[in-house]
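What follows is one structure encoded as structure tokens, with my remarks underneath.
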Amino acid sequence: MPEQIPFIDFKKEILKIKEKWIPAARKDNTGIGFTLETELGIRENNYAKHDFIDNNQFKGTRFELKAQRVNVYNPTIPKPRKVNDSYISLVTQAPHDGMKNSELIRKYGYNDSKGRERKNLYATLRTTKFVNGKNVKNMKISREGKHLFIIHKDQKLSKYDLTKFVDKLANLVVVRADSEWQLCNCNKPTLHDSTGKYHEFFSFKEPHVFTGFSLDKFYKSIDEGNIFLDLRMHIPTNDTPTEADYDTFHDHGTGFRAKFRTIPQFYDNEIIF
Ligand SMILES: [Zn+2]
């Protein structure tokens with residue numbers, strides 16, 4: 001399928017909604033990204049390498065767009081206010097070489113603690129130390145030049161070519177938002193919570209526009225432990241899934257993540273408006 005990346009005037013579109021309360025257009029974790037894309041006029045596409053091309057201030061630049069909830073307020077739960085300090089997913093990517101995700105989980109996965117018929121492999125791998133948890137031990141990542149390896153003890157399991165991310169990460173926009181579940185009487189009850197009364201609203205804050213991705217700085221951030229490889233996968237144990245089943249349904253985004261505050265470390269320029 002050919003790439004069809006939408007052209008938008010990003011600054012104009014984001015300033016139309018900035019600081020306003022926008023009802024979620026989808027009710028789940030991905031609702032924030034979907035709502036932002038909908039408001040900006042970007043049709044969700046999972047096949048294109050980039051999310052949009054700016055046709056004004058950043059003439060013809062292709063951007064990756066990320067959204068993140070920060071202050072979350074839900075009056076229907078016991079602790080209604082919380083600050084979300086979770087990582088931003090930079091790239092979701094299965095290994096380029098060596099053991100595939102499906103092979104990693106078959107060998108290093110562990111039985112589900114909630115009794116479901118599945119094996120899980122969830123771990124956050126850094127270069128700076130081995131994981132030593134209850135279920136996953138002796139694993140880390142290690143970089144040699146442009147290659148990044150998943151390591152178990154002293155054995156290289158899987159390999160990534162980090163230069164393959166340059167195009168994808170070249171230019172990045174991060175928009176953070178406050179999230180608030182508000183009483184709502186709109187005509188889309190499927191978007192409401194279990195009481196049927198509350199709808200999540202987002203107040204998008206100033207966007208951070210990062211340009212000038214630096215591979216050398218990216219390497220440094222990896223080496224300092226500021227970029228992690230999150231393994232996030234599970235696989236059923238009650239049948240024999242095919243490779244296609246595995247890739248389609250059970251890899252929940254194994255990929256590289258970083259905290260928002262560390263992203264400026266690997267870009268030359270940051271613009272906020
Ligand atoms: Zn509503």
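Numbering of ligands and ligand atoms starts at 1, following listing order.
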Pair Asp112 + Lys119, salt bridge at N-O below 4.0 Å
no
Contacts of type salt bridge (charged side-chain N to carboxylate O under 4.0 Å, His left out), residue Glu180, not counting sequence neighbours
none
Can we say Lys11 and Glu13 salt-bridge, meaning some charged N sits less than 4.0 Å from an Asp/Glu carboxylate O?
no
Classify the side-chain pair His208/Glu270 by whether it contains a donor and acceptor separated by less than 3.5 Å.
yes
Got a sec, which residues hit side chain to side chain contact (heavy atoms under 4.5 Å, CB included) with Asn56, two or more places apart in sequence or on another chain?
Asp9, Asp54
Shell of protein N/O/S atoms around the Zn ion (ligand 1), taken as anything under 2.8 Å:
Cys184 SG, Cys186 SG, His192 NE2, His199 ND1
Residues passing the side chain to side chain contact (heavy atoms under 4.5 Å, CB included) test with Asn29, sequence neighbours excluded, are Arg69
